[in-house]
Amino acid sequence: MIDYKWTKELEKEQIEEYIEKEKFKFKDSNKPVFSIDTPPPYVNRPIHIGQSATYTIMDMIARYKRMKGYSVLFPLGLDRNGLPIEMEAEKKYKISILNTDRKTYVEYCEKLLSEMSDQTRKTFKMLGISFNEWDECDCVGGLYKTDSEKYRALTQKTFLDLYKKGLIYLDEKVTNYCPGCKTTLADSEIDYKIADSLFNTVLFTVKETGEKIPIATTRPELICSLGMVVYNPEDERYKHLEGKTAISPIFNKEVLIKAHPIAKLEKGTGLVMMCSAGDYSDIRFFMEQNIKPIMSIDISGKMNKNAGILEGLTVKEARQKMIEILKEKNLITEQKTIQHKVPICERSKDEIEFVSLKEFYLKQLDHVEKIKELADQINFSYAPTKKIFLDWLEVVSIDWPISRRRYYATEIPLWYCKNCNEIILGKEGVYQKPWCENPPIDSCPKCGGKEFIGETRVLDTWFDSSNTPLYIHKYGTEFFEKNPVCSLRPQGKEIVRTWLYYTVLKAYLLTGKKIFDDVYIHQHILDENGNKMSKSAGNSIDPQEIIKEFGAESFRLWTAYEGNLNQKDFKCSKERIKSEQKTLNKLWNVARFIGQFKLDKEITVKYNELDLFVRKEINDLIIESDQAYKKYDFHNPLLKIKFFLTNTFSSHYLELIKSRAYNQEDYFTKEEQMGAIDTLYYCLNKMLYLLYPVIPFTTNRISKEMFDKDLDEEKFPDTKEYFSKLTLEDIEKINNAIWKEKKEKGVSLKEKVSVIKITNKYKYIEKDLIKTHNILKIEYKEESEGTINVEL
Ligand SMILES: [Zn+2]
Ligand SMILES: [Zn+2]
């Protein structure tokens, strides 16, 4: 019996109890496994409202699947590798990768990680998210770390497996280079910004005729890397130049002039200087025309010896100096500011340079078609998100550069024989650091040499994080053999081309199969006006504050209620979250009301059509919710459950059977009375089960106190078929007609009804109607005779 009111404090005891007991430890049993490959958040940022909402939806899925009899694998990874950690450490301890030795640098990163607060984990726990323990994954407290020895050993194993399959190769190619992060980047790590640039019209000379030709460029410092001059085939102005030779100013390099569609009629002067490493189109052009690129920028972001007089200057300095020299010689005829798209590093926002470097590549171009086929085998819960994935596949244009020149990440497990350069592979299953450790062999198998050089490069962070389903499914073990496909990948749309794509690709290259059954790409959370939330805009909402103010379960209810899969984004405001407290109150008050009635098990119950009606309604709701939950849709069922709770059940059924349940004047038989009480408990019980995945703490509290059942251990309810001759419409019609009449006459709802004319079907619930509405006389008529007539 519950005799107190619902408050947000109630859930706290429940949550604390759940944290202490670590109830949901994963066990590899005979039950089928349902696994959720959660996105590992970065440890050094407090979780935001969007993460709170999306992990809460994942928790609803986990709880629902447990109820459906699955052994649910739902761990949380913490992403602790790579640039974000290094950048944070450089800032905090004022170090730089350029002047700190590697051992010390790594120690600083580890120090940073050890000093980080436990806030991420705490916030998730306070939301009641049931991440689970699994000792075999080093998954303490439901968390695993992507920089643990076990995790990094797996990353190295996947590298070695792919290497042995011939899918990884070393090659010197022009590649994206971020001067800020001082490392190679994959195309998927590039963003674009619109920037102002100075567009300089520079005069070149035609060798054969001495004609001066104007070429506009934003990057005059790259004139030293000139490979060709082009104009559009349609451009009448320059047709006479076809096949002639252009001489570059200052550097006096002679190159061919040719028509090519890459030049746009309307852009600049119509003539374009093609320089290696100006932008993407230049790089492709050089490959296509088979011209050897002349790289003039080195990895420190400075001009190299190919840049002649500009050698040693940074790109910006070189651009300035080049403009000065050209101006001195009167070779610039026009300068204007234009806006154009500039590739930038997704992380540090530095402008990307293109440099030629030897890096390890993972083959992906050969497998694009196969990945498209796999995409058809994966079920995307929201169809448009599949398009993001497929669109990315269309633009994959080079293999994936996977090596990085950084320190705090997983090392490439290779050594080289100092004598013959033979490659020595690391040992599988252990974490190895070739930059400071010896190889697994004593002498070179090829030449017998005894000295080795360890590889110093590390792997791209996406090469690490694309292992998450392999890690939680224990790739390489019997558990993986039994469970080679992860059930669900939930994630944000901004990392489809990176995390999702790389995970699908890598698993395919390793196993030849799809790695996910389902992919759930969630929406972004916007403020109530539809604007993106951010700290700087002042419209962000701190999840910690929300929990403190309204309780975790109001937040959870709101998440389910707003998380409509078919909508692009969902809107958030404190008011909306607060209003969900009303729903919790309603459920609690209904339970408190029902709790005052005692069910006498000695008496045979007798249900009337009203009881059968409400039983049918709740059973329909169970079927519908089950089908929707299966598709990770909590929004649509929630709308219906809320309607059932507040309207069908509370406003109509409860009102109509109150007198029967109390039965103070023994107007009803004991059997009839028990029919109502039994149905009250029945409906409440089913509602608790239906709402448990969404609000586990309130529902479980009621369930334990009133039904002595721990919902954490319970199965999703079975359904039973009920038939009723009455529909919701019939019931609403009669109640509303009488209440309306009484309200209009300004009398109390308890006031008598002298006579009411109603159709025959209401005869089934005659006694309930008489007692509820205080009816003195009922006249029955045929269905065809129309509406209800009430006389007070
Ligand atoms: Zn960068
Ligand atoms: Zn050797």
Side-chain angles (χ1 to χ4, degrees), residues 42 44-45 79 81-92 95-100 105 109 112 163 170 174-195 277 279-280 297-302 314-316 341-357 359 398 400-409 413-427 434 437-455 457-465 494-495 497-499 502:
Y42 265 117
N44 53 348
R45 315 222 195 316
D79 198 349
N81 276 322
L83 278 167
I85 303 297
E86 293 188 345
M87 295 295 155
E88 194 93 357
E90 290 195 5
K91 216 169 96 191
K92 187 165 179 188
I95 52 167
S96 158
I97 198 157
L98 298 175
N99 56 29
T100 311
Y105 192 92
C109 292
L112 177 85
Y163 188 88
L170 194 61
V174 176
T175 170
N176 308 306
Y177 186 81
C178 171
C181 302
K182 297 183 181 61
T183 187
T184 310
L185 296 178
D187 285 358
S188 58
E189 295 169 289
I190 310 290
D191 266 344
Y192 289 91
K193 69 168 181 189
I194 300 296
D279 62 25
Y280 277 118
I297 300 166
D298 70 20
I299 62 166
S300 64
K302 289 183 176 162
T314 65
V315 173
K316 265 196 188 138
K341 232 169 93 177
V342 182
I344 55 167
C345 167
E346 187 185 58
R347 291 209 171 85
S348 67
K349 310 296 173 202
D350 286 294
E351 286 183 23
I352 295 301
E353 292 297 343
F354 298 90
V355 297
S356 186
L357 282 175
E359 298 289 2
I398 60 164
W400 177 14
I402 53 170
S403 45
R404 296 287 182 273
R405 291 152 196 272
R406 299 293 307 187
Y407 292 162
Y408 200 75
L414 296 179
W415 284 262
Y416 307 94
C417 169
K418 217 171 180 177
N419 182 41
C420 76
N421 224 14
E422 174 76 356
I423 292 178
I424 313 297
L425 302 185
K427 201 174 151 192
E437 288 172 9
N438 290 324
I441 51 162
D442 296 329
S443 58
C444 170
K446 202 170 158 197
C447 75
K450 294 218 184 296
E451 283 186 284
F452 303 93
I453 302 165
E455 171 60 61
R457 280 168 289 185
V458 297
L459 290 159
D460 178 4
T461 345
W462 292 114
F463 195 87
D464 267 296
S465 45
E494 70 288 353
I495 47 174
R497 61 180 191 169
T498 47
W499 195 39
Y502 287 140

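When a ligand or atom number is given, it counts from 1 through the structure's own listing order. We number each residue from 1, following the sequence as shown.
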Quick one: name the protein N/O/S atoms under 2.8 Å from the Zn ion (ligand 2), chain by chain.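 For the Zn ion (ligand 2), the protein N, O and S atoms that sit under 2.8 Å away are Cys417 SG, Cys420 SG, Cys444 SG, Cys447 SG.
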
_Ionic contact status for Lys193 with Glu346, cut-off 4.0 Å_ =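 No, Glu346 and Lys193 are not salt-bridged.
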
N/O donor-acceptor pair under 3.5 Å between [X] side chain and [Y] backbone:
X: Asn176; Y: Leu185; result: yes
X: Glu189; Y: Ala186; result: yes
X: Trp499; Y: Ser465; result: yes
X: Trp415; Y: Glu422; result: no
X: Glu451; Y: Cys417; result: no

Exercise for review: Check the side chains of Tyr105 and Arg406 for a donor-acceptor pair under 3.5 angstrom, ignoring hydrogens and angles.
Suggested key: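 Yes, a side-chain donor-acceptor pair sits under 3.5 Å.
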
Check your understanding: Quick one: are Cys345 and Ile352 in side-chain contact, heavy atoms under 4.5 Å?
Key ->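 When only atoms from C-beta onward are counted, Ile352 and Cys345 do touch, with a gap below 4.5 Å.
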
- Side-chain touch Leu459/Arg404, heavy atoms, less than 4.5 angstrom: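 The answer is no, as the side chains (C-beta and beyond) never meet within the 4.5 Å cut-off.
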
Checklist entry - With a cut-off of 2.8 Å, which protein N/O/S atoms are close to the Zn ion (ligand 1), if we only count those under it? => result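 The answer, once waters are left aside, is Cys178 SG, Cys181 SG, Cys345 SG, Ser348 OG.
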
